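Quick caveat, the model's predicted, so the values are computed rather than measured. Sequence positions, counted from 1, serve as the residue numbers for this chain. Order of appearance sets the numbers: ligands from 1, and atoms from 1 within every ligand.
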Amino acid sequence: MNLLRSAIKSLQKTFRSFRFAIRGIGFVIQYENNTRIHLLASLAAIIAGMLLKLNYIEWTIIITQIVLVWSAEAFNSAIEKIVDFISPDFHPKAGAIKDIAAGAVLFIAIGAAITGLIIFGHKIWILVA
Ligand SMILES: Nc1ncnc2c1ncn2[C@@H]1O[C@H](COP(=O)(O)OP(=O)(O)OP(=O)(O)O)[C@@H](O)[C@H]1O
């Protein structure tokens, strides 16, 4: 009985954590300017993938890239919020921290764009060649 009760409690805790995490994704979508670009790029990649009939390995790579960019953006947002909270006034170090976090997103986004170019470019090349 105790075991069942603690299992239910831990399940409730997990659901609660999920709710908070989903709320966090909501914050990222709501407050971050870049998410519109990510949303458009993600949709474009998914539609292109369906039109070009990607195989399962190509889908896995594309989905991984999409998830990586979204995760990086979420971490970047969290870092921005922490900096704004700790250092609401202008400080060179606060600026550097934000720049580095934004650089990480750019790094991953460039990687995702190159990966997309290789996969979709190859598919289009086969179609037109
Ligand atoms: N407290 C601060 N002190 C010094 N420089 C800052 C500070 N806050 C922001 N900056 C500088 O301004 C840049 C933009 O900061 P901001 O918080 O507006 O990020 P953003 O990328 O525009 O955010 P968002 O994703 O919300 O549009 C930072 O990368 C940093 O160079």
For a quick test of reading the model, state the closest non-hydrogen atom pair linking Val28 to Thr35 and the distance between them. O-CG2, 3.3 Å

What residue pairs, at least two apart or across chains, pass side-chain hydrogen bond (donor to acceptor under 3.5 Å, both in side chains) with a residue in residues 95-106? Asp84-Lys98

Give a yes-or-no answer on whether the side chains of Trp70 and Ser42 include a donor-acceptor pair shorter than 3.5 Å. yes

May I have the list of side-chain donor-acceptor pairs in residues 111-122 shorter than 3.5 Å, sequence neighbours left out?
unit_1: Thr115; atom_1: OG1; unit_2: Gly111; atom_2: O; d: 2.7

Salt bridge check, Lys81 against Glu32: does any charged N sit closer than 4.0 Å to a carboxylate O? yes

Amino acids in close contact with ligand 1, where any non-hydrogen atom sits under 4.0 angstrom away: Glu32, Asn33, Glu80, Ser87, Asp89, Phe90, His91, Ala94, Gly95, Lys98, Asp99

Distance-only donor-acceptor pairs under 3.5 Å for side chains of residues 3-14, two or more places apart:
unit_1: Ser6; atom_1: OG; unit_2: Leu3; atom_2: O; d: 3.1
unit_1: Thr14; atom_1: OG1; unit_2: Ser10; atom_2: O; d: 2.8

